[in-house]
Colleague: 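Here you go, one structure.
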Amino acid sequence: MSGLLLIAAAWLATDDAQPISYHRQVQPLLTARCAGCHQPAKAGGKVVLVSHATLSAGGKDGEPLVVAGKPEESALLAALLPRGDKPPKMPKKGEALPETEIALLREWIVQGAVDDTPAAAAAQFSADHPPLYAQLPVVTSLDFAPSGDLLAVSGYHEVLLWQIDPAGTGATLAARLIGMSERIQSLAFSPDGTRLLVVGGSPGRFGEVQLWDVAKRALERSLLLGGDTLYGGAWSPDGSRVAFCGGDVSVRALDTTSGELVFFNAASEDLALDTAFSKDGAHLVSVGRDRALKLFEMATQQFVDNITSITPGALKGGLQAVDRQPGEDVLLIGGADGQPKTYKMFRTQKREIGDDYNHVKSYAPLAGRIFSCEYSPDGARFVAGASQHGKGEVRLYAVADEAPKWSLPIAGAIYAATFRGDGSRVAAAGFDGHVYVIDAASGALTGRFAAAPIEPPVHEGTP
Ligand code: HEC
C-alpha cells in the first residue's frame, strides 16, 4: 500500500471512530421519529424511547431492544430495516428512516451503546414518577371544560386537572396528565369537552402537540416537531382541526382524526404566538411578535389579509393573544400595548394602504402587557390578564363598554385567564403559581389555591 493510501485509510478510520453521542444525536432522532408513539403515556408495543434508561428497559417482557456491540441482535435496528420484500415495521404508518439515520443508530450500537446523558437531563416523568414541586410552577395557560367545574392548569411536564368546588373557594386535584413536554404553553378543551389540546415542548429540543382523551385521562396523540416549544393552540368549531404556532414564524394545523398536518404557512415576520378559527372553520388567524393579525384560508393554506392596519406605528409592540367572539367573526386581540381591541375578521371593502377598516372598538388599556384575553361563552363579555413590572391585573369588560366592569390587582404577573363554561366565574393564574377564582359578576375573589401539589401545602381555601 502506498503511503498516500495508508494516510487516507488512517484518516477514514479515525473519522469512523468519531464517538456517536447518545444525548446529542441518538435521543433527538428517537424523539423526533419514534417518541410520539413510544413514550410513557403512550407506549406502542410496551416500547418507550424517551431516554437511555427506558430504551435499556427493553420491549414486551423486557426483551432487549439494543445489544451493545451487536447491531444484528438489536431489535431496535431490526424494526427499521426491510424484511425481505416487506417494508420496515417501524416507524409504523410512517416513512422509513433514511439510511444515514439508520447508520447512525447502528454505529452507536457498534460503539457499545454508551449513555452520555448529563444527569440533569436524564429525569423522565410518567404517571409512576410524577414531577415533584419544590416551588409552585409558573402557570402559562388555563382552560375550563365547557361544562362543569373541571379546570385544566399548566404545570411542569404535565397538565393538572382541578375540580373546583361549587362555591369556588377551593379545589381538588382530579388528574395529572403527565407528558414529554417540559413546558406547556397553551391548553384548550375541544368544543364538546371530550378532548384536551396541549401545546408546548422542551426549549431548544422539541415542540409537541398532545391530544388527551379527557374521560380516560389518556394520551390519544402526540405530534413531535424538532426545534423549539410550540404556542397558541386553538380548536376549529367542529373539533376536526387544531391550529398552533410552530415555535417560529409558522402557523400549522392538524387533522385531529388522522393526525396529519393539514395546514402550514410561514407568512409572519416574527414568532407567531396565538391562533383562532373562523366561525365556519374555513379560515384561521394568527397573532405574534410582528404585531400583525394575519388571516389565512384553510383549504389553500394561503395568506389572505393583514386584518389590522400595517401602517408603521399603528400597533405598538407585539401581539400575544387572540380570541374569536362566540357566534361572530369578530376577533379580540391583546399584546404589548395593553389595549384590548376588536376587529372584523373579513374585509367588506378593498384595502387602501394604511387603512384600519376592520377595526371595531378599542377598550381602556390595562397598565401592562396583555398575555391572555378570552370571550365569555355567550360572547357578551371578555376577560384580560396582564402584567407590568411583575405585578398582575385581571379585568372584565362588557363588549359594549370601553371601560372595564371590574379590575382585580394580583401580586404576581397574570399569564392566563379563562371563563367557566356558564360564564359565572373567571379563573386566572401566572407567575406566583396560584389559581385565583373570581366571581364574574362582581369581580370578588372567591378562592385561591396552589396550581400544583407541593409539600407542605400552601394557601388552600379562602384568601
Ligand atoms: C405511529 C406510531 C409509531 C411510530 C411513529 C413508531 N412506532 Fe414502533 N411501534 C408502534 C406500535 C403500535 C408497536 C406495537 C407493535 C405493532 O403494533 O406493530 C410498535 C412496536 C415497536 C417495537 C417492538 C418490536 C416490534 O417490531 O414490534 C420496536 C422495536 C419499535 N416499535 C421501534 C420503533 C422505532 C425505533 C421507531 C422510530 C424510528 C418507531 N418504533 C416509531 C407504533 C409506532
Side-chain angles (χ1 to χ4, degrees), residues 20-115 117 124 126-127 179-181 195 197-198 201-202 205-213 216 218-227 230 242 252 254-262:
I20 309 269
S21 162
Y22 178 79
H23 181 59
R24 283 181 293 106
Q25 295 169 279
V26 174
Q27 186 55 54
L29 193 161
L30 297 177
T31 299
R33 299 273 186 183
C34 323
C37 304
H38 292 290
Q39 57 176 291
K42 195 174 193 297
K46 303 240 161 68
V47 171
V48 178
L49 300 175
V50 297
S51 68
H52 194 277
T54 62
L55 176 62
S56 307
K60 239 181 260 158
D61 312 319
E63 169 205 13
L65 297 172
V66 164
V67 181
K70 299 189 175 151
E72 61 291 340
E73 289 173 29
S74 298
L76 182 81
L77 217 53
L80 302 176
L81 298 170
R83 300 152 289 159
D85 48 8
K86 283 206 236 149
K89 257 176 132 176
M90 294 292 143
K92 208 178 174 76
K93 291 186 225 151
E95 258 175 58
L97 254 51
E99 264 170 40
T100 49
E101 293 185 356
I102 296 176
L104 178 89
L105 293 172
R106 183 197 305 279
E107 183 56 26
W108 172 70
I109 295 170
V110 167
Q111 289 178 8
V114 178
D115 181 18
T117 312
Q124 291 293 337
S126 64
M180 280 184 67
S181 289
R195 290 191 279 179
L197 167 66
V198 179
S202 290
R205 291 173 53 216
F206 61 85
E208 189 186 14
V209 177
Q210 302 168 356
L211 285 174
W212 292 82
D213 179 318
K216 292 190 191 137
L219 182 64
E220 221 173 60
R221 201 176 279 290
S222 148
L223 173 79
L224 286 150
L225 297 172
L230 312 176
V242 291
R252 304 168 194 228
L254 193 71
D255 180 307
T256 57
T257 312
S258 71
E260 299 289 322
L261 277 171
V262 292

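Just so you know, ligand 1 is whichever comes first in the structure, and atom 1 is the first atom listed for that ligand.
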Colleague: Working to the nearest 0.5 Å, report the span between CG of Leu77 and CG of Leu65.
Modeller: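 CG of Leu65 is found 11.5 Å from CG of Leu77.
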Colleague: Among all protein heavy atoms in this structure, tell me which lies nearest to atom 25 (C) of ligand 1, with the distance rounded to 0.1 Å.
Modeller: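 Of every protein heavy atom, Lys89 NZ, 3.5 Å lies nearest to atom 25 (C) of ligand 1.
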Colleague: Which residue and atom name correspond to the protein heavy atom nearest atom 2 (C) of ligand 1, and how close is it?
Modeller: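 Its nearest protein heavy-atom neighbour is Cys37 SG, 1.9 Å.
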Colleague: Does some side-chain heavy atom of Gln210 sit less than 4.5 Å from a side-chain heavy atom of Arg221?
Modeller: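 Side-chain contact under 4.5 Å: no.
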Colleague: Among Lys42, His38, Glu208, exactly one meets side chain to side chain donor-acceptor pair (under 3.5 Å) together with Ser222. Which residue is that?
Modeller: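 That would be Glu208; it is the only one of Lys42, His38, Glu208 passing the side chain to side chain donor-acceptor pair (under 3.5 Å) with Ser222.
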Colleague: Quick check on Leu29 - does any of its heavy atoms sit under 4.0 Å from an atom of ligand 1?
Modeller: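 Heavy atoms of Leu29 never come under 4.0 Å of ligand 1.
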Colleague: How close does the nearest protein non-hydrogen atom get to atom 36 (C) of ligand 1, and which residue and atom is it?
Modeller: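 Of the protein heavy atoms, Cys34 SG, 2.8 Å lies nearest.
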Colleague: So if I count the atoms of ligand 1 from 1 in the order they appear, which ones are less than 4.0 Å from some heavy atom of Leu76?
Modeller: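 This gives 35 (C) as the contact atoms.
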Colleague: Would you call the rings of Tyr22 and His52 parallel, tilted or perpendicular, where under 30° means parallel and over 60° means perpendicular?
Modeller: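 Tyr22 and His52: perpendicular rings.
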Colleague: Going through the checks in order, is the side chain to side chain donor-acceptor pair (under 3.5 Å) test met by Gln25 and Ser21?
Modeller: CA-CA 5 Å; Gln25 295 169 279; Ser21 162; 4.9 Å; no
Colleague: Based purely on interatomic distance, does Lys92 place a nitrogen or oxygen under 3.5 Å from a nitrogen or oxygen of ligand 1?
Modeller: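 Yes; at least one N/O pair falls below 3.5 Å.
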Colleague: Do protein heavy atoms approach atom 13 (C) of ligand 1 to less than 4.0 Å?
Modeller: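 Given the 4.0 Å limit, the answer for atom 13 (C) of ligand 1 is yes, a protein heavy atom qualifies.
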Colleague: Return the residue, atom name and 0.1 Å-rounded distance of the protein heavy atom closest to atom 29 (C) of ligand 1.
Modeller: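 Here the nearest protein heavy atom works out to Leu65 CD2, 3.8 Å.
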Colleague: With heavy-atom distances below 4.0 Å as the criterion, list the atoms of ligand 1 near Arg33.
Modeller: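 So the atoms of ligand 1 that pass are 5 (C), 37 (C), 38 (C), 41 (C).
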Colleague: Can you name the atoms of ligand 1, numbered from 1 with element, that are less than 4.0 Å from a heavy atom of Leu80?
Modeller: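 The atoms of ligand 1 under 4.0 Å from a heavy atom of Leu80 are 35 (C), 38 (C).
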Colleague: For atom 15 (C) of ligand 1, what's the nearest protein heavy atom and its distance?
Modeller: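 Atom 15 (C) of ligand 1 sits closest to the protein heavy atom Gly45 CA, 4.4 Å.
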Colleague: How many angstroms lie between atom CG of Leu105 and atom OG of Ser74, to the nearest 0.5 angstrom?
Modeller: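 One finds 10.0 Å between CG of Leu105 and OG of Ser74.
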Colleague: Where on Lys93 is there a heavy atom closer than 4.0 Å to ligand 1, on the side chain, on the backbone, on both, or on neither?
Modeller: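 None of Lys93 does.
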Colleague: Quick check: does His38 get an N/O under 3.5 Å from an N/O on ligand 1?
Modeller: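 The answer is yes, given that His38 and ligand 1 share an N or O pair closer than 3.5 Å.
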Colleague: I need the nearest protein heavy-atom contact for atom 30 (C) of ligand 1: residue, atom name and distance, please.
Modeller: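 Of the protein heavy atoms, Met90 CG, 3.5 Å lies nearest.
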Colleague: Give a yes or no on whether the backbone of Val26 and the side-chain of Trp108 come within a donor-acceptor separation of less than 3.5 Å.
Modeller: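 A pair under 3.5 Å: no.
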Colleague: Nearest to atom 41 (C) of ligand 1, what protein heavy atom do you find, and at what distance?
Modeller: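 Its nearest protein heavy-atom neighbour is Pro91 CA, 3.5 Å.
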Colleague: Just to confirm my output: which protein heavy-atom neighbour is closest to atom 22 (C) of ligand 1, and how far is it?
Modeller: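 Protein heavy atom at minimum distance: Val47 CG2, 3.8 Å.
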Colleague: Any side-chain heavy atom of Arg33 within less than 4.5 Å of one from Leu97?
Modeller: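 Yes; the side chains approach each other to less than 4.5 Å.
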Colleague: Should Thr54 and Leu49 be marked as a side chain to side chain contact (heavy atoms under 4.5 Å, CB included) after you check the CA-CA gap, both sets of side-chain angles, and the distance that decides it?
Modeller: CA-CA 6 Å; Thr54 62; Leu49 300 175; 5.6 Å; no
Colleague: Specify the closest pair of heavy atoms between Pro88 and Ala96, including all atoms of both residues, with the distance to one decimal.
Modeller: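 Residues Pro88 and Ala96, closest heavy atoms: CG-CB, 3.9 Å.
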